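Please read all numbers here as calculations on a predicted model, not as lab measurements. Values below: all heavy atoms of this structure, side chains included; hydrogens, waters and symmetry mates excluded.
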Amino acid sequence: MAPSQNSPPKSLLPNYLYSSSFSSLTNVDSKSTAKVNDQILIASPMEGRKIEMYSPEFYGACTVGGILSCGLTHMAVTPLDLVKCNMQIDPAKYKSISSGFGVLLKEQGVRGFFRGWVPTLLGYSAQGACKFGFYEFFKKYYSDIAGPEYAAKYKTLIYLAGSASAELIADVALCPMEAVKVRVQTQPGFARGLSDGLPKFVRSEGTLGLYKGLVPLWGRQIPYTMMKFASFETIVEMIYKHAIPRPKSECSKSLQLGVSFAGGYVAGVLCAIVSHPADNLVSFLNNAKGATVGDAVKKIGVVGLFTRGLPLRIVMIGTLTGAQWGIYDAFKVFVGLPTTGGVTPTPAAAEVAKA
């Protein structure tokens, strides 16, 4: 029976891109979900009330989850990031991971391993807020435009488009802190941290200088984030389809979070490989005043762009991305939202659920 013209519009994305949104499709306990006026509500164990999916409160929760997942994890791996950046800038001095740590320990002591942690925390917290919050927004927005059939058929393209759009915004928030971080970490004596490093950087290169690395940052982060989200969603769906012998809705929350971490780690390895050349460019440009992309290619070499510091970055980004997805989904579970990804029903099933 055709819906009435006065019927309120129904959300398209939850029908087929989130397996836990409809109890009829995923056998979610009716006590944990409810459908009110065609809106999906999920009970929050934290507050004993319901969170409306794709409401401002939902996007706010995803934004906070992104702040926690990106800010905390990037700050935690500051020592690895510091060694990686120095290996990219001065490979003659920082020949390997182990020797890099040895040089830093000898010259700067234990405290030197956490140089630049404040701009790291602030920059990646801002980036995480935009990355995850806008990803959820754009994923629904593009799915609504495509319609149920095409969104289900081309869901990977929606993951790619949503993540690219989110990262475009997120990098504008990250770029100033990234510029200060790289300068503090790779030029001993430049500054102790953000408080003196930011004004010194601005005096030297002007406010616009903070965005000198924005285009290379987009070149690094947009492919990285597209791979991060699209591969994660695909890997998690494959795990639930082929590796776990029961529906996601019947899995414990701890198992679901374990799947999120595993999917995130594999996605992180792929991300590191895809985005590494641009990562070398960002480090070079933010370290050398007035440097250009051509200068970087000439000095580092094309092969060096793809290989310099790559093993360490694979370890760092794999662990980082796995932890980010684990923290993000743990926060979503904490506030009563479903974990990200899972087996998607067919478009026909989604249409039946809507009818």
Side-chain angles (χ1 to χ4, degrees), residues 70-124 127-128 171 174-175 177-188 190 193-194 197 213 216-217 219-221 223-225 227-228 264-265 267-288 291 296-297 299-324:
C70 291
L72 295 178
T73 52
H74 276 277
M75 184 184 69
V77 298
T78 296
L80 283 173
D81 188 42
L82 198 150
V83 172
K84 183 266 298 179
C85 287
N86 280 283
M87 288 176 66
Q88 292 172 330
I89 297 302
D90 192 356
K93 183 177 181 180
Y94 298 88
K95 295 181 174 63
S96 65
I97 298 173
S98 58
S99 67
F101 277 107
V103 170
L104 285 174
L105 181 62
K106 181 179 179 180
E107 293 186 352
Q108 302 178 32
V110 175
R111 293 183 63 182
F113 288 127
F114 286 92
R115 287 178 58 211
W117 73 269
V118 175
T120 297
L121 174 62
L122 296 180
Y124 282 94
Q127 185 214 36
D171 288 344
L174 168 64
C175 195
M177 294 296 102
E178 179 76 357
V180 175
K181 175 189 80 74
V182 171
R183 189 67 61 89
V184 168
Q185 289 181 337
T186 59
Q187 290 188 11
F190 173 76
L194 178 65
L217 189 63
R220 180 187 80 184
Q221 288 298 130
Y224 164 89
T225 301
M227 179 66 74
K228 173 179 179 175
Y265 195 96
V269 172
L270 300 175
C271 291
I273 296 171
V274 166
S275 62
H276 194 65
D279 184 62
N280 272 312
L281 289 176
V282 170
S283 295
F284 184 89
L285 293 175
N286 284 326
N287 178 70
V297 174
K299 182 167 183 177
I300 299 174
V302 175
V303 174
L305 286 175
F306 283 88
T307 59
R308 184 180 290 183
L310 180 59
L312 177 57
R313 192 157 185 267
I314 286 176
V315 174
M316 186 181 84
I317 298 300
T319 305
L320 195 72
T321 308
Q324 284 177 356

Would you say [X] and [Y] make side-chain contact, with heavy atoms under 4.5 Å?
X	Y	result
Lys181	Asp81	yes
Val103	Tyr94	yes
Glu178	Gln221	no
Asn86	Lys93	no

Write down the atom of [X], the atom of [Y], and the distance for their closest heavy-atom approach.
X	Y	result
Gly112	Leu82	O-CD1, 3.1 Å
Pro216	Ala278	O-CB, 3.7 Å
Leu194	Pro119	CB-CD, 3.8 Å
Arg308	Met87	CD-O, 3.5 Å
Val282	Gly213	CG2-O, 4.5 Å

Residues which pass ring-ring contact (aromatic ring centres under 6.0 Å, His included) with [X], listed by chain and number, not counting sequence neighbours:
X	answer
His276	none
Phe306	none
Phe113	Phe101

What's the separation between atom [atom1] in [X] and atom [atom2] in [Y], rounded to the nearest 0.5 Å?
X	Y	atom1	atom2	result
Leu72	Leu121	CG	CG	7.0 Å
Gln127	Leu174	CD	CG	5.0 Å
Arg115	Thr186	CZ	OG1	8.0 Å
Ile317	Lys228	CD1	NZ	8.5 Å
Ile314	Ile273	CD1	CD1	4.5 Å
Ile97	Leu80	CD1	CG	8.0 Å

Ser99: which residues meet the side-chain hydrogen bond (donor to acceptor under 3.5 Å, both in side chains) condition with it, sequence neighbours left out?
Ser96
Listed once per pair and sorted, the side chain to side chain donor-acceptor pair (under 3.5 Å) pairs that draw on residues 311-323, sequence neighbours left out
Tyr224-Thr321, Ser275-Arg313, Asp279-Arg313
Chi angles and distances behind the side-chain contact (heavy atoms from CB on, under 4.5 Å) call for Ile89, Gln187
CA-CA 10 Å; Ile89 297 302; Gln187 290 188 11; over 6 Å; no
Under 3.5 Å, side chain of Ser283 to main-chain N/O of Asn280, donor-acceptor pair present?
no
Can you list the residues that meet the salt bridge (Lys or Arg N to Asp or Glu O under 4.0 Å) rule with Lys95, with sequence neighbours excluded?
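Scan of Lys95 (salt bridge (Lys or Arg N to Asp or Glu O under 4.0 Å), adjacent residues dropped) gives none.
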